Each structure stands twice: as C-alpha cells, then as structure tokens.
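Written below as structure tokens is the structure these notes are about.
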Amino acid sequence: MNRLDGIRGGTPGQDHNARSIAALAANPACDRRAILDAAAIDKPLLMKRLRFDDRWGQSPFAIQRNQQFTDLVKANGAAHLLRLLRELLDLPIEEAGYVNLEDVGGHEGHLARHGHTRRVIKQTAEGLGRATILDRPLLRLDVAGAQVYLEPDVIAFQLGGMFHIVAIKSFAILDDQADTPKVSAAAREAAVYVHALRDVVGRDLVSHDVILVCPKDFTNAPTATTVDVRHQLVTLARQLSRLTRIDALLDRLPEGFSLDLETLSSGEIEAAVAAIPARYAPQCLSACELSHLCRKEAHLNEQVDALGRIVRDDLGGIESVTTALRVATPGEPVADDQAEIAERLRHVARIYDEAVA
Amino acid sequence: MGKLRTAIRQATAAGRHAEARALRARLREAERQWDTGVEQPSAQPPLVPVREQVHRALTLLGAPTAAKMIVAVDESFFGGQMANTQLTSLRRDEEKSYRSAPGARPYYLCAALTSELLSPARGLLALSTWELPQRIIGPLSPRTDFLTSAIRLAEHLMRLESASTGAFRLLGQLAQNIPGGGDGFGPADPAKVIAAAGAELAVHQERDQMDRREAAARAADRLKPVERLFGTGLKSVRSA
C-alpha cells in the first residue's frame with residue numbers, strides 16, 4: 001500500500017463513508033475512481049484545485065428533509081417502525097425492545113462506540129438481551145487496508161435470529177412505485193451496511209432483504225417495503241476485493257506517478273488525472289465528485305459514454321461519436337470487427353432518413 | 001391610516017404639496033404607533049417559566065420523554081408555546097443548580113438512565129421526584145413508556161370537559177402506532193386507545209419492570225446521589 005500513499009503525497013487522506021463506498025460500486029469499471037479512492041485522495045479538494053465549481057453534493061434541504069423524516073420514524077422508541085415491521089414481517093407483539101447504541105456513557109470515540117455495537121449485536125445474536133431494534137450502530141469496514149467507520153442512519157433489527165438492515169429514505173413511494181435510480185442508490189448504500197454487519201455476526205445471520213422505509217404517497221406517513229440487495233452485495237464485494245488488488249491498475253500508470261494536491265500545479269494535476277482512464281456515464285453526476293470533469297472530457301473527445309449506458313452498449317466497440325457517424329454513412333470503408341454494427345447503424349439511418357424525408 | 005392615505009392622495013392630486021407633506025408625517029407617526037401596539041403582546045414573557053411548563057407536561061405524561069413530545073403535549077394540552085431549542089440546555093442547567101445546592105428546589109428536571117451503563121439516555125427528560133425504576137430505560141422501556149404516556153393522555157382527555165382538537169390529533173398520532181388503537185383518520189377515541197395500549201402494555205410490563213428494578217438496585221448501590229439523577233459517565237464529570 002506504500003505506493004498509494006506515495007501517490008497521495010503529503011495531502012491528508014479523505015475518509016470513506018457508506019455513500020462513497022456505494023458510489024464506488026455504482027460504476028465498477030471506472031479505473032479513475034478506483035485509484036483515487038484506494039489512495040484516499042480528497043476529491044472535493046482535487047476539483048477545487050482544477051477550478052471546477054463546487055456544485056457537487058447533497059442539497060442542504062435534502063439532508064434536512066431526510067433528517068426530519070428519520071426523526072419521525074424513530075420517534076417514541078421507533079413506534080412507527082414497530083408498526084410497519086409488525087405489518088410487513090409479522091413481528092410478534094412481544095418483540096418491542098429498542099436500544100440506542102449511541103448511548104455509551106459519554107465515550108464518544110469511534111473505537112468505544114464500535115466496541116459497544118459489536119458487544120450488543122453479538123449478545124443479541126446469541127439470544128441474550130431483549131433488543132429487537134438496534135438504533136445507530138457504528139459498523140466498521142475494511143477498505144483498501146484502511147479501517148472505515150460507518151455511521152448509518154439506519155437500524156439493524158433482528159427477527160428469529162436473523163438481522164435485517166432498515167434504510168430510512170425521504171423519497172416518496174407513490175402508489176407502490178418509487179423512482180428507480182433512488183431505490184437502487186438506497187439499495188447500494190444499504191448493501192454496504194449489510195456487508196459490514198456480516199463482518200460482525202457472520203454471513204448467514206444477516207438477511208439480504210433490506211427494509212426500505214419511505215413516505216407513503218403524498219403524505220408524510222411512513223410505509224415500508226423489502227428490497228433484495230443480493231446483486232448489490234456481489235458488486236460491492238467485487239469492488240472491495242478489486243481495491244485490495246489495486247496493484248494491477250497501478251502497474252499501468254507511469255513510473256513516479258503522483259497526485260499530491262499540495263505540491264503539484266493545477267496543470268500537472270489535470271494531466272495526472274487525465275492519465276487514469278475514466279468510464280463516464282450520466283449517472284455519475286449524482287454519485288461522483290469528479291463527474292463534471294469526466295463529462296467535460298467525454299464531450300471534448302466526443303465519447304459515446306456521454307450519451308448514456310444504453311447507447312454505449314448498443315454501439316458496442318465504437319468509442320467516439322465521429323466514428324459512429326462515419327460507420328453509419330453508406331459507402332465508407334469499415335473494419336471487419338465493425339461490420340455488424342455498421343450494418344445495423346446504416347439500417348437505422350435509412351429508416352430515419354425515410355421518416356424525416 | 002386609511003383615511004390619511006386617501007387625504008394624501010387627494011392633496012397630491014390637487015397640487016397642495018405642503019398639506020400632503022404634513023399628512024405624510026402624520027401617517028408615519030400613526031404607523032409607528034400601530035406597529036408598537038401590535039408587537040406588545042409577544043414581547044411579554046410567558047406566564048409560566050419553561051421549567052414549570054416541562055414539569056407540567058412530564059407530570060401528565062408520567063414517563064421519561066423526548067423534548068419534541070414534551071413541546072407537542074405542552075402546546076396541545078396546555079396551550080403553551082415552547083420552542084424545542086429552549087429545552088436543549090435545560091438538563092445541564094438543572095445539573096449545575098443541583099451540584100451547587102443539592103435539594104434546594106422541590107424538583108429537578110433530570111436524566112433517564114440507561115439500564116446497562118447507567119449513563120444518561122440521549123435526549124430524554126425526567127423528573128427527580130419519580131422513583132428510580134421509573135427513570136431507568138431498559139430495552140423494552142421506550143415501548144412501555146410510549147404506551148403509558150398514550151394511556152395517560154387518553155385518560156386526561158376523558159376527564160376534560162372540552163379539549164382542543166390539537167389534543168385529539170396528538171392522541172390520534174400516537175394511537176396510529178398501537179395495534180387496535182385507531183386508524184389515524186379522524187379524532188381518536190380515548191377509551192379505545194386506553195384498551196388497546198393496556199393490552200400491549202400487559203405483554204411487556206412484567207419483563208420491563210424486572211429489568212428496571214434490577215438496574216435501579218444497581219444504581220442505588222453504586223451511584224452517588226447526583227449521579228442517580230443525572231447519570232454517570234465522562235460527560236457529567238467534565239461538566240462538573
């Protein structure tokens with residue numbers, strides 16, 4: 001891992017959290033993000049050095065709204081949550097224990113809180129103690145050799161020896177339908193917690209079904225549903241193992257590669273970032289600090305990535321928009337491996353011309 | 001003021017500028033008087049101090065309660081107007097007062113203690129006049145306290161000849177989360193809430209009381225009087 005520290009140089013590293021780990025899993029093919037995360041580069045600072053507007057991040061209103069909704073669900077010993085779990089999973093009436101793991105007698109340190117969380121969760125797993133709902137556990141995850149503390153605003157809850165993760169989100173579920181990107185973002189984040197909780201109690205004791213609590217329709221009343229995060233867990237595990245096997249990626253970088261934000265000039269930083277290949281997709285805009293940089297790059301190079309994943313996959317093998325247009329023009333010479341896609345593109349172009357004509 | 005404005009318009013229209021200026025001065029004076037007249041009532045301090053208001057709400061609720069709920073009860077049952085922020089430093093102030101002159105006040109607003117570590121439970125306020133077991137928070141206590149409070153609010157509503165719609169709405173919100181307590185629509189039925197909450201309370205009460213008594217015995221054994229009220233832990237040592 002020394003090489004990663006060398007890349008970061010003297011600049012202090014940035015801590016991971018569940019959102020950043022989830023963002024990593026959202027775009028597994030992106031080498032740029034993988035290397036920057038493994039080296040714990042301070043990405044907001046990087047963007048500032050490159051003079052990009054500080055436009056990225058969650059709106060303070062969204063954070064506040066989420067906090068209000070979470071407080072509502074957790075009020076009075078998580079009374080709303082208990083009702084929802086009783087309706088959704090037939091939780092027996094007797095199971096009503098609620099423990100706030102944040103109360104550790106004034107020991108505010110992460111280590112003490114994590115120790116307390118571990119102890120209570122293990123006790124609960126062994127059937128001791130009366131806790132059903134465990135609020136604000138402090139979990140720990142090993143990311144590229146660094147210990148990352150995750151402070152979820154979620155609740156672990158156990159039923160019949162199985163633990164579940166409860167994620168509370170403030171986007172509405174309208175008529176049993178919710179915004180797909182938001183649900184998958186929530187699922188990715190919850191998968192990080194499931195993964196971390198499995199480290200504590202073991203694989204078999206944590207359910208892959210996550211309970212998502214959201215406002216119902218246009219009201220503020222909470223409703224709950226289960227979300228299967230098996231797929232997200234696999235992606236996450238692959239991504240985390242990739243971080244520990246980052247050497248393969250590092251070998252492709254030039255010798256003496258550095259991204260020390262304190263000593264390099266902004267021009268040098270730009271060149272260094274450009275040296276690591278990125279995999280831009282419009283979805284990055286909501287998950288990655290570097291997204292505006294990568295988008296600009298993709299637009300400048302006329303990469304098809306900027307048009308979205310579906311277009312990119314449809315154009316399999318063709319990298320730039322110019323190439324795609326050339327290939328689509330009848331009579332242009334085409335390489336052998338592009339013959340198939342050329343035929344399809346020309347067919348579509350013909351239909352388009354007929355329709356517009 | 002309306003008349004003055006009309007007069008100003010007429011004077012300006014007729015070109016009597018000196019008269020219009022004098023009228024404007026009178027209008028400004030009238031507006032200033034009106035403003036001070038409107039502001040007067042809100043500038044007065046409330047009749048009951050905040051700690052009395054909290055005491056009143058807690059006595060009605062009968063269990064350690066979070067600040068938000070105390071404010072809601074005070075507003076809908078006693079017509080009080082507290083802000084959440086007024087309650088944040090209350091516990092610390094009470095602890096300081098107790099430490100400088102123990103027992104000088106008839107009651108203190110103190111902490112509820114967690115059953116495991118006997119540390120102050122986050123965000124909850126309690127009364128020093130309650131028995132120690134009542135101020136212990138075990139795993140089941142948040143639920144039993146919630147049910148107890150709902151029953152006590154419902155009983156209070158039945159005693160009252162007329163209660164505000166706010167009080168019924170608050171009870172309705174609580175009843176929504178009690179099995180068989182109500183559907184959350186329309187005003188809550190206090191008798192139904194009492195029956196439903198009582199039924200669930202009967203399930204938890206015995207185990208909860210056991211936890212509480214055990215922790216209370218431990219607290220009485222190990223803690224100094226001030227810690228019995230405000231909890232033990234690094235925090236209270238530091239603020240001492």
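Quick note on labels: first sequence line is chain A, next is B, and so on, each numbered from 1. None of these values were measured; they are calculated from a predicted model. Values below: every heavy atom of this structure, side chains too, minus hydrogens, waters and symmetry copies.
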Exercise for review: Please examine the side chains of B/Asn177 and A/Asn76, heavy atoms only from C-beta on, and report whether any two atoms are closer than 4.5 Å.
Suggested key: no
Exercise for review: Name all residues meeting the salt bridge (charged side-chain N to carboxylate O under 4.0 Å, His left out) criterion together with B/Arg213; count only those two or more places apart in sequence or in a different chain, and write none if there are none.
Suggested key: none
Exercise for review: Please flag which part of B/Ile178 lies under 4.5 Å from any non-hydrogen atom of chain A: side chain, backbone, both or neither.
Suggested key: neither
Point to revise | Residue pair A/Val99 / B/Glu116, side-chain heavy-atom distance below 4.5 Å | key: no
Study note, to complete from the structure: Heaviest contributor of heavy-atom pairs below 4.5 Å to chain A, chosen from B/Gly138, B/Pro139, B/Pro179, is B/Pro139
Practice item. Identify the residues of residues 123-131 of chain B whose heavy atoms come closer than 4.5 Å to a heavy atom of chain A, ordered by number, or report 'none'. Key: none
Practice item. Find the one option among A/Gly97, A/Gly77, A/Ala75 whose heavy-atom pairs under 4.5 Å with chain B are most numerous. Key: A/Gly97
Exercise for review: Using non-hydrogen atoms and a 4.5 Å limit, figure out which bit of A/Ile93 sits close to chain B: side chain, backbone, both or neither.
Suggested key: both
Point to revise | Under 3.5 Å donor-acceptor, B/Arg207 side chain and A/Glu94 backbone | key: yes
Point to revise | Contact winner vs chain A - B/Leu174, B/Leu140, B/Asp208, B/Asp145, heavy-atom pairs under 4.5 Å | key: B/Leu140
Exercise for review: Heavy atoms only, distances under 4.5 angstrom: which of B/Asp211, B/Thr144, B/Thr65 has the most pairs with chain A? Name it, please.
Suggested key: B/Asp211
Check your understanding: Would one find more than 12 heavy atoms of other residues, nucleotides or ligands at under 6.0 Å from atom CD of B/Gln81?
Key -> no
